[in-house]
Amino acid sequence: MTLVRILLTRPARMSFVSTVFCSTALLLASGQAIAQDPLHAWTGGADPAVLETWVNARLAAEKADIDRLIAAKGARTVEDTLRAYDDAQNELALAGNEAYLMFAVGNTAPLRDKGQELVAKVSSASTDLNLNPEVYRALAAIPLPANDPATKHYMERTLLEYRLAGVDKDEATRARIRKLQDKITEASLIFGRNVADGRLEVKATKAELEGLPEDYIARHKPGADGAYTLNTDAPDSTPVLNFAKNADLRKRMYIAYNQRAYPKNVAVLRSILEARQELATILGYKTFADLAMADQMMGSADKLKSFLKQVDDASRPIADKEYDLMFAYAKSQKPELTTIPASDGGYWAEEYRRAKYDFDAQSVRPYFPYAKVQDGVLATAAHLFHVQFKAVTDGKTWDRSVSTYDVYDAAGSDHQKLGRIYLDMHPRDGKDKWFSSAPIVPGIKGKQLPEGALICNFPGGIEGDPGLMEYSDVVVFFHEFGHLMHHILGGQGRWSNTGGFSVEGDFVEAPSQMLEEMFRDYGILAAFAKDYKTGAVIPTPLVEKMNAAGAYGRGRWVQAQLLYSTYSLQVHDQPPADIDFDSLWRSDFERFSKLSFLDGNRFYTSFTHLTGYSSNYYTYMLDKVIAVDFFSMFDKKNLLDGPAAMRYRRTVLEPGATKPANALVRDFLGREESLGALKTWMNEEFEAKGTKTAAGQ
Ligand SMILES: [Zn+2]
């Protein structure tokens with residue numbers, strides 16, 4: 001049961017370095033704010049004490065709901081017991097969501113620190129509820145409502161989560177579980193902090209910087225010995241790996257990057273795996289991987305193994321072909337090459353794309369000024385999902401730069417309000433540096449409408465700056481908006497805990513990855529991608545080049561996903577004491593990549609998904625399969641207006657978590673997901689060329 005589910009497009013890099021903030025005396029004003037606005041902490045002002053009072057009020061309400069649940073007399077019913085339980089979940093969600101929000105976007109350091117402290121407090125309250133046997137027994141005593149499948153599913157899932165948490169164990173065992181969980185949390189935070197703090201330096205001569213952008217070189221000043229000091233943080237290391245012409249510099253950077261938390265994290269990782277294995281054993285599972293998949297679409301480690309095998313069979317020939325093309329090109333430039341070392345994979349892929357597709361990512365930026373992109377994403381979503389966005393100008397938010405929209409239903413005749421979204425889209429001092437979609441208010445039919453936010457760091461938002469975006473930024477915008485629409489449209493049900501963010505964890509990326517595919521449609525792009533100076537619409541040939549260059553490398557991308565998925569599974573699928581992390585990593589690497597492995601590659605020590613996703617890294621791959629399969633049902637000539645869009649809204653998004661995700665997939669596709677669409681997606685570049693040649697003959 002995830003309390004605060006924050007959806008990140010890339011690995012979570014939240015640093016939980018704890019800082020103590022001494023709260024001032026509680027203010028009278030905060031009490032008034034709570035009375036006025038039980039759904040929004042920030043309307044009381046950007047004050048840590050106000051936030052704390054507000055969150056404590058939510059936790060007190062949660063406790064009152066649980067007391068009411070336990071005190072209910074007579075036979076247990078949905079109306080007394082499940083309602084009280086769901087009300088408690090609602091209070092926890094509100095408290096956790098808004099504590100997290102202030103941690104991520106709060107405008108002062110004390111407010112963010114208080115947010116962080118309160119996230120931990122709410123998590124602990126949530127663990128208490130999950131291990132409360134009285135609540136479990138009360139819920140289990142409710143007769144399953146046969147004529148209300150949504151409620152029935154919610155109850156079954158809730159009881160399963162309780163059992164997976166270990167609620168039915170004796171008191172001593174529950175105490176041990178709590179201890180193990182605390183240990184896992186603590187070690188995971190240390191693992192993440194070692195990665196975040198583990199910055200290594202690499203020295204380079206002036207000559208070795210050849211190929212790097214001028215503004216990159218200008219940012220670095222040589223020392224007295226003439227050497228430049230670079231570091232392993234992404235802004236410094238990524239350009240070196242992709243653009244530096246000197247292979248030795250790329251290699252030194254690659255090794256440093258993959259050793260930034262080595263050797264510290266070897267022991268930390270093993271301690272996490274040992275605690276997880278013990279937890280799995282106590283709860284009756286052979287391995288932690290089985291436990292982590294028991295409440296997911298995947299179901300078990302065995303099913304995952306067979307899924308990975310199928311995806312491997314489908315992607316390997318394409319990945320090999322892509323590698324061979326890249327290697328042939330590299331050899332034409334450097335005849336002495338016998339292989340491409342792992343440190344050169346990014347560099348040669350860039351070189352190949354530029355030579356082959358004549359596509360320069362910089363050339364599309366003028367067509368993507370932030371404000372127009374936002375209008376375009378909203379217009380696309382409105383059209384596709386049959387909703388309407390109305391700007392809210394009188395609502396109070398946590399920062400002046402946040403824009404707020406109310407979402408209305410445009411499908412029915414009554415045009416009822418469905419919820420509210422907040423777009424916090426540009427960097428600010430101290431704001432979270434990632435791209436995510438976060439729930440704020442869960443929806444409960446007849447009681448409260450769902451609200452959610454995007455927390456992003458796109459260019460723009462500064463007076464006089466057009467905020468030109470990279471095309472990859474625009475894809476991220478579509479992706480995050482997919483999460484937000486899932487939350488709003490899926491949050492119209494009876495229960496707070498059955499919204500879009502509450503679906504099985506390994507389905508959660510499917511609606512967002514589906515929306516990414518829309519970005520490649522010329523008609524959708526042409527509606528908003530206009531030169532910020534001249535207003536000229538993005539030219540068709542430029543979009544074609546962009547799409548072709550973007551489609552090259554998909555087979556290798558899939559193989560890389562299989563590598564991470566396989567390693568994540570394997571370290572959670574055998575006794576941790578026996579694992580030789582290095583040799584396992586090397587053999588997996590060599591199985592899924594034709595790049596030559598480099599000694600000293602300790603990638604697993606900075607693979608933060610091992611803590612957050614445990615064995616379930618495969619989520620990205622499974623949801624990609626589902627997303628492109630979903631997309632295949634849309635009429636490519638009429639993406640927005642065809643019947644698939646409304647059907648998608650009704651069958652996939654609106655049910656939220658009131659059905660198993662497997663059923664959502666079946667309801668929309670009319671069958672289970674299959675690899676056919678993924679194969680087409682991976683082959684798109686090669687297929688497109690074939691078509692073009694045939695047409696030209
Ligand atoms: Zn996502």
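Side chains are part of it too, since the values below use all heavy atoms of this structure and drop only hydrogens, waters and symmetry mates. Along the sequence shown, the residues carry numbers beginning at 1.
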Presence of salt bridge, R68 and D65, under 4.0 angstrom:
yes
N-O pairing of D233 and R260 below 4.0 Å
no
Salt bridge check: are D67 and K63 linked by an N-O gap of less than 4.0 Å?
yes
Apply salt bridge (charged side-chain N to carboxylate O under 4.0 Å, His left out) to the pair R58 and E62, showing each step before the final yes or no.
CA-CA 6 Å; R58 303 271 66 79; E62 183 253 347; over 6 Å; no
Residues E117 and K114 bridged, charged N to O under 4.0 Å
yes
Salt bridge or not between E156 and K152? Use side-chain N to carboxylate O under 4.0 Å.
yes
Any idea how Y85 and Y162 line up, ring-wise: parallel (<30°), tilted (30 to 60°), or perpendicular (>60°)?
tilted
No-hydrogen, no-angle side-chain donor-acceptor test under 3.5 Å, E161 and T158
no
Short side-chain donor-acceptor distance under 3.5 Å, E509 and H483
yes
D414 atom CG: more than 12 heavy-atom contacts under 6.0 Å:
yes
Tell me whether E79 is salt-bridged to R494, with the criterion being a basic N under 4.0 Å from an acidic carboxylate O.
yes
Honestly, is K390 close enough over Y408, meaning NZ or CZ under 6.0 Å from the six-membered ring centre and within 45° of the axis?
yes
Return yes when atom CZ of R428 has more than 12 non-hydrogen atoms of other residues, nucleotides or ligands closer than 6.0 Å, and no otherwise.
yes
Ion pair K431/D424, N-O distance below 4.0 Å
yes
